[in-house]
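Have a look at the structure below, then the notes.
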Amino acid sequence: MAPRRTVKQEHIKQESKPSLMDSQPAPARVIYWHRTDLRLTDSPALTTALSIPNIESFWPVWCFDPEYVYRHRVGLNRWNFLLESMETISGEYKRSNGDQKLWVLRGRPELVLKRAWKEWGVTHIVWEKDSNAYSKVRDQRIKDLAQECGVQVIDMPGRHLYDPDEVGKANGGKPTMTLHQWQGITKKMGPIAEPGQPPERIPDPGSKSLGVDDGEAWGSYEGEDLNAHIRTGQDTCFERLSGPLEDPFSVPTMAQLGFPPATTTIRGGTIEAHLRLDLFLSNPTAVATFSKPHSEPTSLEPSTTLLSPYIKFGCVGVREIWWGCQRVIEAWRKKGGKGETKEPENMFGQLEFRDMYACAEACTPHFERIRGNHVCRYIDWALSNQYDSTGHEISPRPRSDNEEAEERFEAWREGKTGFPWIDACMRQLKSEGWIHHLARHSVACFLTRGQCYISWERGMEVFDEWLIDWDPASNPGNWMWLSCSAFFSQYFRVYGLVSWPQRTDKTGALVRKYCPELKDFPDKYIYAPHLAPQAVQEKANCIIGTDYPLPMLDEQACKDLCIARIKNAYTLALHGDAPEVLDGSAEPRLKALHEEGGASKEKSGEERGEERREKRRKRNGNESLDGFFKKQKT
DNA sequence: ACTTAGTTGCAGGA
DNA sequence: TCCTGCAACTAAGT
């Protein structure tokens, strides 16, 4: 590997000190590289870029990387949201300066940026800092290249409330694992910055040509195309570095990428983002009394703000949300508002959790997997990643000999588990690219520690592909949380597949929408249609086992088994970086614990589970799955 | 060694 | 909409 060269970042103010002769600084030709921030508001990096003295030319640029299209499995809905957000900001630039737009360079950043620097005589490149593992590697490559080419790099934090790397540093290089810890550290780091003013004026671009354009945009990528399964035909996106001749530097379309149209109803872009934020802020009581745990995952219209996709693509800045809420709540207090919610369940807490995960990710190698991840508890999940003797993940991934787990995973992914609540959530996720936070909890718990005992790595990958608001830190973080692998450990608290959705919606509206084959079942059976008598199934025109699957497992029995096994894993007390995990000896040891009867010397987990089931049967005087009938008013 | 808190469990009861 | 018992986790504080 080539030695890393660090690019010294000098603060603009220092650089703009008047020279000896008090003459104008040399003309600056500046590229602003958009990556995580498709907005003009609340962008410290963009503000910094525009404050460079004596700007002669300015190009807001997006590098559309074909390698990214190949290597990352990104669902249609997220691609679509990205393209819409790019179109929107391009329009915003044009509105500010008729000669401006988002200059989309189609090719690997190393290739197209180097070309642009050379052709356009670029002196500075500025971007918003991104602290996740993938971005750090990419950005370091560009920094090295920039130094070689004599281009000055300025990267500024702004994606989070506090720079995750700085928070980690202040925590002794350790990841923040609780919100309290994160709060304690950031308290000493000063208040959260207020959002800056959006730019008044965007300077003109200079050259509008990349020179010779010989279609080398694909670069030298060789490997598996992870998006092959969603491509419809010939890609035309990367035929030329500067895009189609008739519309150079334009934002690609789904068709150019070889993708069919998206299915989501969620529209991208900074304008939509600000409409959503303003809508939320226009109801001060809702802002001041926001409580995530009490919002409704069963709601047809999102019961939360739906700001997450916009935060993910930087269509809105976190400081705008933070201070917008502060402003509204302050006014609400003055008017005598009552019942204000506190952290962590209020809006501020939600933003803080996002920061906490970002810091945890920035300080944890292999945060997105079990092996080598020192914060992640080792549990012998089915279908977990497999590695060869050199520590590389085996690719392509072989089908496990645990056929039952493979089938359960497939059913979970496709929304065919036979549990309407789970199936509705998974189908909504696939078609909309978004489900409520607590719905994510429910399906994640079910797949991992609740019932299926399947690795969170598998579930995380499905979310990677389908979520529009996918975040490289929050997604693995939340999967570890829900699987009791890190952050959370109360594995005996398991979401019910009937009781949990029933808590907020007895009518099953979400199920009726996303599992339409069940739409004519009475409320009583909507979350457990297999319990409906034959006559009811016939009347609903849906025979369970034929038109809709039977439950693929026994909820209660699997739950008891999972709890017993996780208890054993906790007794073993190994993390992803333990030598036993790396050399493969952890798995047989834990399996032996399961066989022996585990943590409890007298009784095996299975026996304890059986005991609990027995008790429950006595209480209910019926089959465990029938328990929910008792609550129904007839 | 003990207590307490931890965004988001369930069932049953007032 | 609150409470309790369930069987019981970790981390931080006393």
Side-chain angles (χ1 to χ4, degrees), chain A residues 171 174-185 289-299 303-304 339 341-357 375-377 379 421 435-446 449-451 474 477-478 480-504 527 555-556 559-560 562-573 575 598-600 602-603 605 607-609 611-622 624-632:
Chain A
N171 195 33
K174 293 194 296 283
T176 46
M177 297 305 288
T178 66
L179 193 62
H180 267 128
Q181 199 182 22
W182 181 91
Q183 286 168 331
I185 287 156
T289 63
F290 182 89
S291 173
K292 190 60 154 286
H294 296 112
S295 57
E296 300 187 0
T298 46
S299 176
S303 60
T304 47
T341 45
K342 295 264 175 298
E343 283 141 320
E345 78 229 42
N346 65 12
M347 261 318 272
F348 305 112
Q350 307 311 304
L351 292 170
E352 291 173 355
F353 270 114
R354 174 173 173 273
D355 261 52
M356 179 197 79
Y357 282 133
V375 305
C376 180
R377 217 172 258 283
I379 300 172
W421 166 242
I435 50 175
H436 187 280
H437 185 69
L438 297 176
R440 300 178 196 195
H441 278 217
S442 197
V443 299
C445 177
F446 174 74
R449 70 178 164 89
Q451 274 82 20
S474 299
N478 276 314
M480 283 188 267
W481 183 300
L482 263 302
S483 61
C484 285
S485 300
F487 302 103
F488 181 75
S489 50
Q490 284 156 280
Y491 52 77
F492 40 85
R493 291 188 185 169
V494 176
Y495 296 85
L497 304 176
V498 173
S499 55
W500 175 252
Q502 244 180 10
R503 194 182 59 104
T504 47
Y527 293 117
E555 176 182 357
Q556 197 57 55
K559 171 180 162 180
D560 292 338
C562 282
I563 289 175
R565 285 176 174 174
I566 294 165
K567 188 180 170 65
N568 289 339
Y570 270 53
T571 307
L572 197 63
H575 287 79
S600 161
E602 305 94 61
K603 291 169 199 159
E607 278 166 343
R608 293 153 61 92
E611 214 168 66
R612 277 201 295 277
R613 276 197 297 284
E614 189 55 44
K615 256 162 87 180
R616 212 169 281 121
R617 268 195 290 272
K618 270 184 197 154
R619 257 208 318 274
N620 296 343
N622 211 333
S624 58
L625 277 169
D626 288 1
F628 94 103
F629 279 118
K630 299 211 162 300
K631 289 201 304 266
Q632 302 286 331

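Within every chain, numbering begins at 1; the chains are lettered A, B, ... in the order of the sequence lines, protein sequences first and strands thereafter. When reading the values below, keep in mind they use all heavy atoms of this one structure, side chains included, and skip hydrogens, waters and symmetry mates.
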Exercise for the section: Determine if Phe353(A) stacks with dT7(B); use a centre-to-centre distance below 5.5 Å and an interplanar angle below 30° as the criteria. Expected result: yes
Handout entry: dG6(B) and dA8(C), which share atom name P, separated by this distance in whole Å
Key = 23 Å
Exercise for the section: For nucleotides dA5(B) and dC3(C), find the distance between their P atoms and express it as a whole number of Å. Expected result: 14 Å
Exercise for the section: For dT4(B) versus dT4(C), give the span between their P atoms, rounded off to a whole number of Å. Expected result: 14 Å
Handout entry: Nearest-neighbour nucleotide for the Gln181(A) side chain, dA8(C), dA12(C), dT7(B) considered
Key = dA12(C)
Handout entry: Atom pair distance, as rounded to whole Å: CZ in Phe487(A) and P in dT7(B)
Key = 12 Å
Fill in the blank from the handout: Here DNA chain B, pairs taken as Watson-Crick or G-U under 3.5 Å and shown with ( ), [ ] when crossing and | when to another strand, reads ||||||..||||||
Exercise for the section: Specify the closest pair of heavy atoms between Gly477(A) and Phe487(A), including all atoms of both residues, with the distance to one decimal. Expected result: O-CD1, 3.7 Å
Handout entry: Rounded interatomic separation in angstrom, taking CZ from Arg354(A) and P from dT7(B)
Key = 19 Å
Exercise for the section: Would you classify Gly349(A) as touching base, sugar-phosphate or nothing, given that sugar-phosphate means primed atoms plus P, OP1 and OP2, and contacts are heavy atoms under 4.0 Å? Expected result: nothing
Practice task
Name the nucleic acid region contacted by Arg503(A), choosing base, sugar-phosphate or nothing; use a 4.0 angstrom heavy-atom cut-off, strictly under.
Solution key: nothing
Handout entry: Proximal nucleotide (of dC10(B), dT8(B), dC9(C)) relative to the Ser499(A) side chain
Key = dC10(B)
Exercise for the section: For the side chain of Gln490(A), starting at C-beta, report the closest nucleotide among dT7(B), dG6(B), dT8(B). Expected result: dG6(B)
Practice task
Check whether any side-chain N or O of Arg449(A) sits under 3.5 Å from a backbone N or O of Ser485(A) as a donor-acceptor pair, and report yes or no.
Solution key: no
Exercise for the section: To the nearest Å, give me how far apart CD1 (Ile185(A)) and P (dA11(C)) are. Expected result: 15 Å
Problem - Rounded distance (Å) that lies between atom C1' of dA8(C) and atom CD1 of Ile566(A) - result: 14 Å
Fill in the blank from the handout: By nearest-heavy-atom nucleotide on DNA chain C, the more 5' of Thr178(A) and Arg493(A) is Arg493(A)
Completion exercise
Picking from dT8(B), dC9(C), dT7(B), the nucleotide nearest the side-chain atoms of Tyr495(A) would be dT8(B)
Exercise for the section: Report yes if some heavy atom in the side chain of Asn478(A) is under 4.5 Å from a heavy atom in the side chain of His437(A); otherwise report no. Expected result: yes
Practice task
Quickly work out the Ile379(A) CD1 to dT10(C) P distance and round it to whole Å.
Solution key: 11 Å
Handout entry: Per Gln350(A) side chain, nearest of listed nucleotides dC9(C), dT7(B), dT8(B)
Key = dT7(B)
Practice task
Would you mind classifying the nucleic acid contact of His180(A) as base, sugar-phosphate or nothing, using non-hydrogen atoms under 4.0 angstrom?
Solution key: sugar-phosphate
Handout entry: His294(A) NE2 - dT1(C) C1' separation (whole Å)
Key = 10 Å
Completion exercise
Per atom distances to the Pro344(A) side chain, the nearest of dG9(B), dC9(C), dT7(B) is dT7(B)
Problem - Minimal non-hydrogen separation, Met177(A) against Val375(A), with atom names - result: CE-CB, 3.7 Å
Practice task
Mind calculating the distance between NZ (Lys342(A)) and C1' (dT8(B)) to the nearest angstrom?
Solution key: 19 Å
Handout entry: More than 12 heavy atoms from other groups under 6.0 Å of NE2 on His575(A)
Key = yes
Handout entry: Point-to-point distance, once rounded to the nearest 0.5 Å, from OG1 of Thr178(A) to CZ of Phe488(A)
Key = 14.0 Å
Fill in the blank from the handout: When rounded to whole Å, the OH to P distance for the pair Tyr570(A) and dC9(C) reads 10 Å
Exercise for the section: Answer yes if the side chains of Ser295(A) and His436(A) hold a donor-acceptor pair under 3.5 Å, and no otherwise. Expected result: yes
Exercise for the section: Return the nearest nucleotide to the side chain of Arg377(A); candidates are dC9(C), dT10(C), dT7(B). Expected result: dT10(C)
Handout entry: Short side-chain to backbone donor-acceptor contact, Glu343(A) and Gln350(A), under 3.5 Å
Key = no
